[in-house]
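Below: the structure, in structure tokens.
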Amino acid sequence: MSKQQLLIAGTGALATLFAARLAAAGIDVTLFGTWLEGIEALNSKGAQVEGEPAQKVQAKLELPPGTAILHALLLVKSWQTEYTVRRLAGHLSDDSLVVSLQNGLHNDAILSGILTKNQQACRQVYAGVTTLGATLLTPGVVRLAGEGPVWLESNTILTPLAEVLHSAGFHVNREDDIRPRIWGKLVINAAINPLTAIFRVKNGALLEDPAAHELLCALARETAMVAQASGINLPYPNPAQAAEEVAERTKENLSSMYRDILRGARTEIEAINGEVVRIGEGLGVPTRINRKVLSLVQRQQRMTPSALIAMVRLEQT
């Protein structure tokens, strides 16, 4: 992969983390987004992981005409996928590779659908997943909130990207079927993120309150039932335990959904718990708890753990 050929769509926490690590490994990185303050900070001060030197990167609000994208990583919010790919479409060709490392299940399908509809030649669209955690401290500066691997498909087309990520210090795994890993992350996100947003707490606090802990495990199990009904074998035997382990490992982290609530931004609740509800309905799998937290986050309603669990129990009687 040429040094000049990697674009990261996004300017938030994970995008900044990836940009900083890749730039430190000698890769010329361009970030592409809509957050003006973030773009200005990245251009003037670079991308920085807390405690490490800032790394020079480019950040752009618009791509100049004639810009050709050979490799792109999508790290924008799920609800930004369609808008982002429409802005990138004119810069892609049949040699382009686009990889989504976003939350949610169907970002790659959205990408492929839009590119096909717009008669773009790009056919190399893939979904990946990462369990890395990052907290944006200020524009262009992130704190690592939890190490984790990047999972990519075993397709040889992805080998150059995998090698570049590995050279930048990312732990890269390859699998023939990436769907269990994507669902595995979804189960954990569906359990942790909405509860931190509703209770306004760090991830680890969900384990300290008995009612919040019960809800965490119940959400993980309920989402896992939807995955199982969808024909997915999750990459861990106990979904509740997996969610507990991630909450403990990232106990000091503010989830992205909680941060979005704090800054009055749109959350990914529809792409996470909303998708669980939608798929569950289609398969006849009850998703009462997912439905409740979906509603609460959509209304940005704060509750106590005991009040929420009492409401869930009442609705199940």
Side-chain angles (χ1 to χ4, degrees), residues 1-10 14-15 17-19 21-33 57-58 60 63 66-76 78 80-132 148-186 231-233 235:
M1 180 184 296
S2 168
K3 288 180 63 178
Q4 288 76 32
Q5 294 172 333
L6 182 60
L7 179 137
I8 296 176
L14 272 182
L17 172 63
F18 271 77
R21 284 190 171 182
L22 287 161
I27 307 299
D28 282 348
V29 179
T30 298
L31 295 97
F32 176 65
V57 297
Q58 296 184 73
K60 297 184 181 296
L63 295 176
T67 300
I69 299 171
L70 188 57
H71 297 90
L73 288 178
L74 259 69
L75 287 166
V76 297
S78 292
Q80 296 174 309
T81 301
E82 182 173 348
Y83 176 68
T84 300
V85 73
R86 290 189 188 281
R87 297 180 69 209
L88 293 176
H91 302 281
L92 301 173
S93 70
D94 56 353
D95 294 322
S96 300
L97 171 66
V98 181
V99 177
S100 165
L101 295 180
Q102 302 161 271
N103 290 329
L105 296 176
H106 305 303
N107 291 294
D108 56 329
I110 294 172
L111 290 166
S112 296
I114 293 171
L115 293 173
T116 300
K117 188 175 181 180
N118 283 273
Q119 297 182 333
Q120 295 298 320
C122 177
R123 295 292 181 269
Q124 299 174 158
V125 176
Y126 295 91
V129 65
T130 180
T131 54
L132 279 160
V150 176
W151 292 88
L152 299 174
E153 291 183 36
S154 297
N155 195 309
T156 56
I157 291 172
L158 294 169
T159 298
L161 176 61
E163 291 174 347
V164 166
L165 291 173
H166 180 74
S167 73
F170 294 99
H171 181 55
V172 182
N173 294 323
R174 312 287 296 277
E175 285 199 354
D176 293 336
D177 186 359
I178 201 70
R179 293 176 301 164
R181 295 291 171 185
I182 294 174
W183 268 97
K185 183 178 181 181
L186 180 73
I232 300 296
N233 292 317

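Shown here for Ala25 and Ser167, the closest heavy-atom pair between the two residues is CB-O, 3.7 Å. The minimum heavy-atom distance between Ala9 and Thr84, with the atom names listed, is CB-CG2, 3.8 Å. Listed here is the closest heavy atom pair of Ala23 and Val57: CB-CG1, 3.9 Å. Heavy atoms only, all atoms of each residue included: Pro235 and Pro180 are closest at CD-O, 3.2 Å.
Between the CG atom of Leu70 and the CG atom of Leu97 there is a distance of 7.5 Å, given to the nearest 0.5 Å. Atom-to-atom distance recorded for Leu7:CG and Leu63:CG is 6.0 Å, nearest 0.5 angstrom. We find the OG1-CG distance between Thr67 and Leu92 to be 11.5 Å, quoted to the nearest 0.5 Å. Here the CG atom belonging to Leu17 is positioned 5.5 Å from the CZ atom belonging to Phe170, to the nearest 0.5 angstrom. Taking CZ from Arg179 and CG from Leu105, the interatomic distance works out to 11.0 Å, rounded to the nearest 0.5 Å. In this structure, CD in Glu153 is found 11.5 Å from OG1 in Thr159, a value given to the nearest 0.5 Å.
Side-chain contact between Ile178 and Tyr126: absent, with no pair of heavy atoms (C-beta onward) separated by less than 4.5 Å. Under the 4.5 Å side-chain criterion, counting only non-hydrogen atoms from C-beta, Ile8 is in contact with Leu22. Looking at Leu165 and Leu152, their side chains come closer than 4.5 Å, going by heavy atoms from C-beta outward.
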Side chain to side chain contact (heavy atoms under 4.5 Å, CB included), that's the test. Do Asn107 and Leu74 meet it? Break it down for me. CA-CA 9 Å; Asn107 291 294; Leu74 259 69; over 6 Å; no
Determine, stepwise, if the pair Ile69 / Leu88 fulfils side chain to side chain contact (heavy atoms under 4.5 Å, CB included). CA-CA 8 Å; Ile69 299 171; Leu88 293 176; 3.6 Å; yes
Margin query: For a side chain to side chain contact (heavy atoms under 4.5 Å, CB included) check, start with the C-alpha distance between Trp151 and Ile182, then their side-chain angles and the critical distance, and finish with the verdict.
Written below: CA-CA 9 Å; Trp151 292 88; Ile182 294 174; over 6 Å; no
Side chain to side chain contact (heavy atoms under 4.5 Å, CB included) for Phe18 and Leu132? Distances and angles first, verdict last.
CA-CA 10 Å; Phe18 271 77; Leu132 279 160; 3.9 Å; yes
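A distance-only check finds a donor-acceptor pair linking the side chain of Arg174 to the backbone of Asn155 [under 3.5 Å]. Within the 3.5 Å criterion, the main-chain N or O of Val76 finds a donor-acceptor partner in the side chain of Gln102. Formation of a donor-acceptor pair under 3.5 Å by the Thr130 side chain with backbone atoms of Pro149 is found in this model. The backbone N or O of Asn103 sits less than 3.5 Å from a side-chain atom of Ser78, completing a donor-acceptor pair.
In this structure Ala24 satisfies the side chain to side chain contact (heavy atoms under 4.5 Å, CB included) test together with Gln55, sequence neighbours excluded. Residues passing the side chain to side chain contact (heavy atoms under 4.5 Å, CB included) test with Arg87 are Phe32, Thr34, Glu62, Tyr83, sequence neighbours excluded.
For CG of Asn233, the number of neighbouring non-hydrogen atoms (other residues, nucleotides, ligands) closer than 6.0 Å is 12 at most.
Counting only N and O atoms by type, the side chains of Ser100 and Asp108 include no donor and acceptor under 3.5 Å apart.
Between Gln124 and the options Val99, Leu158, Ile157, a side-chain contact (heavy atoms from CB on, under 4.5 Å) holds for only Ile157.
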